[in-house]
Number of protein chains: 2
Amino acid sequence: MATIKDIARLARVTPSTVSRVLNRSGGYSEKTRRRVQKIADELHYQKNEAAVNLVAQTSNLIGVIVTNATTSFAAPIIDSIEDWAYQNGGRILLAHCGLNDSERLKTCLNLMAGRKVNGIISVSVQFDESNLKLLDQLQLPLISLGVKVSNQPMISIDNLKAAMAGTNYLISHGYQRIALIAVDTNDPQTGKMRCAGYQKAMESAGLTPSIIPGDYSFTAGKQATELLLAKRELPEAIFAASDDAAAGVIYAAQEHGVKVPEQLAVLGFDNSSVASMIYPGITTIDQPFKQMGRLAIEHLTNQDISSVELPYQIKERGSVAKHNSAQS
Amino acid sequence: MATIKDIARLARVTPSTVSRVLNRSGGYSEKTRRRVQKIADELHYQKNEAAVNLVAQTSNLIGVIVTNATTSFAAPIIDSIEDWAYQNGGRILLAHCGLNDSERLKTCLNLMAGRKVNGIISVSVQFDESNLKLLDQLQLPLISLGVKVSNQPMISIDNLKAAMAGTNYLISHGYQRIALIAVDTNDPQTGKMRCAGYQKAMESAGLTPSIIPGDYSFTAGKQATELLLAKRELPEAIFAASDDAAAGVIYAAQEHGVKVPEQLAVLGFDNSSVASMIYPGITTIDQPFKQMGRLAIEHLTNQDISSVELPYQIKERGSVAKHNSAQS
DNA sequence: CTGAAAGCGCTTACAG
DNA sequence: CTGAAAGCGCTTACAG
């Protein structure tokens, strides 16, 4: 690969001048500029970013940590970050930290520190004590999407209110026996909040909450529904803690000839891509993932360390209708 | 951030020695080693990779270019590359090139060159003339997944044979009026191959091919089906060029009360995550995405520039059954 | 076993 | 307008 020196030699100037021309930093004659630029072009010169970063003491890199790419909502977030990067000349260093894999998250963090990323965006990753400490030592600005990381800014919807709103939506549509399923009750953040919101709404309405825990997955939704079916305790409506899980519920329902929404209403959570791809479309709580990604990168860039709570909204599709008993 | 010099000063040795200790390259007493290591630990020292890369003349970075993260099958590929990276201390520089966006792909390529990536893995990206030339100038090893890029190794299934096999699968299940839909007939690679395979199989069986072009999307599948329905020309079976499109077909079918697979058999392509999330499960042609990702990174690492053709297989789920007319 | 020196490719004051 | 020099943080022969 050609270097600045090669160009300098061919253009009969010093590397200093080449650098100035290439950076358009002024201080050269038009004639020199042309000569240097021409040679650089001919050589298909590419700046060695490692060298640039070394002197600039920065990396122009932003680190993105996700649990894994299969998480259905990671895609729109990464997309919006990438779009920003494209517009602004930033670069994305991607790493997966797995689920509750402390060791791997530690590796991610160290890797990002070594690369001197300008900041980290973490998507739904939980930090345990040791990684919290590491993060503190590394002094890397971080912004977390979806879950709270101690002392770090967060961008998220209000899970408690959203779960309440979802539950109330079901109640206002005439449902009374409503189960919350596939929610991770051990998850100190999202899980707990969604449970609390659901319970609060149910109790306010004088209804009895019923929760089947799970890991937000399709399988969790499917199994919960099968369990309910086997016990002959199918509720009137199921509030799934994610759209993946809602898809599992609908799958199980269809498999057993239970009509959605006539015999079973299903409410999802996320408005991820699958929500609009299955029939009936999943009525769900929309999280503005694209906006989350964009805000995250903007905050990082502006060194804005404030948290922001984004609005959720209920996206109505076909999986919830007015309950029969509610029809006048 | 602490540097090697800081450690050297505190440990009362020279940077050379610190470097040796940190790299375990030998040539120091156990006593020195301990002292240096201790101080490095206390300082939470993180090597500046830009500096390391500058002298090593490498980056330890592998570039991954995808059209966008929303492509349903990008996820498993990225996952497997990331897993490899985690095991082997590599890092992933991610970039999106959009769809047929020559300018953006060019930016991606230049960005990768600037970062001195060890190699590039491109996922389903088409290179136009100008980028082919750029790639050549940049001299970056590349391995393409799914589509052929001139003069570069490719990892893919045989789309022609796979489409033939899919069509024959449908035929052998008793279907005769089979349409291929949502296939991009302008796509010189995948699209053309899948069309050709379908046509060949149809003609060999004495059947009439019928193709509705599209962009592999859910919407393309849905619209094609609605079109067929409106024209009252619904075939017995639809071969969708992707699982997303197959989901669209099934959606439209359910919406119009057409039973799958009883009244309409649906065959997908990819075996992406959505295939198992909708009911009935999509019978589809499985592409080994994880394996593709793993092979790609291994080839890149071993400087193996041979192409490899991976086996596809038909994954049977519920969207195709024996056709009535075929029942004895 | 340890240190002094040169160098990776670039940028940036400082002179002239 | 241009050049010489120092320096970013590290590694690696070469001496001793």
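Each chain gets a letter, A, B and so on, in the order its sequence line appears, and its residues count up from 1.
Nearest-nucleotide assignment on DNA chain C puts the 5′-proximal partner with B:Arg20, out of B:Arg20 and B:Ala56. Toward the 5′ end of DNA chain C lies the nearest nucleotide of B:Val55, the other residue of the pair A:Asn23 and B:Val55 mapping further downstream.
The side-chain contact (heavy atoms from CB on, under 4.5 Å) test with A:Leu145 singles out one residue from A:Val123, A:Val66, A:Leu310, and that residue is A:Val123.
Paired runs in DNA chain C that reach 3 or more consecutive Watson-Crick or G-U pairs, where each pair keeps both distances under 3.5 Å, cover C:1-3 with D:14-16, C:5-12 with D:5-12, C:14-16 with D:1-3.
Side-chain atoms of A:His96 and B:Asp83 form no donor-acceptor pair, as typed in the model, at a separation below 3.5 Å. In the model, A:His44 has a side-chain atom that pairs as donor or acceptor with a side-chain atom of B:Gln137 under 3.5 Å. A side-chain N or O of B:Asp187 and one of B:Gln126 form a donor-acceptor pair less than 3.5 Å apart.
Taking a 6.0 Å sphere around CD of B:Glu129, one finds it holds 12 or fewer heavy atoms contributed by other residues, nucleotides or ligands. Annotation for A:Gln303: atom CD does not count as buried by contact number, only 12 or fewer foreign heavy atoms lying within 6.0 Å. More than 12 heavy atoms of other residues, nucleotides or ligands sit less than 6.0 Å from atom CG of B:Leu132.
Although no hydrogens or angles enter the test, the distance criterion places a donor-acceptor pair under 3.5 Å between the side chain of B:Gln189 and the main chain of B:Lys148.
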Side chain to side chain contact (heavy atoms under 4.5 Å, CB included) evaluation trace for B:Asp184 with B:Asp215: CA-CA 5 Å; B:Asp184 182 355; B:Asp215 63 359; 5.6 Å; no
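In summary, contact between chain B and DNA chain D, defined as any nucleotide atom under 4.0 Å from a heavy atom of the protein, begins and ends at D:dC8 to D:dA13 in the 5' to 3' direction.
By the 4.0 Å N-to-carboxylate-O rule, A:Arg9 lies close enough to A:Asp6 to be salt-bridged with it.
A heavy atom lying under 4.0 Å from DNA chain C marks none of the residues of residues 25-37 of chain A.
Counting any heavy atom pair closer than 4.0 Å across all strands shown, B:Thr3 reaches sugar-phosphate atoms only and no base atom. Backbone-only engagement by A:Thr17 is indicated by non-hydrogen atom pairs under 4.0 Å involving sugar-phosphate atoms exclusively.
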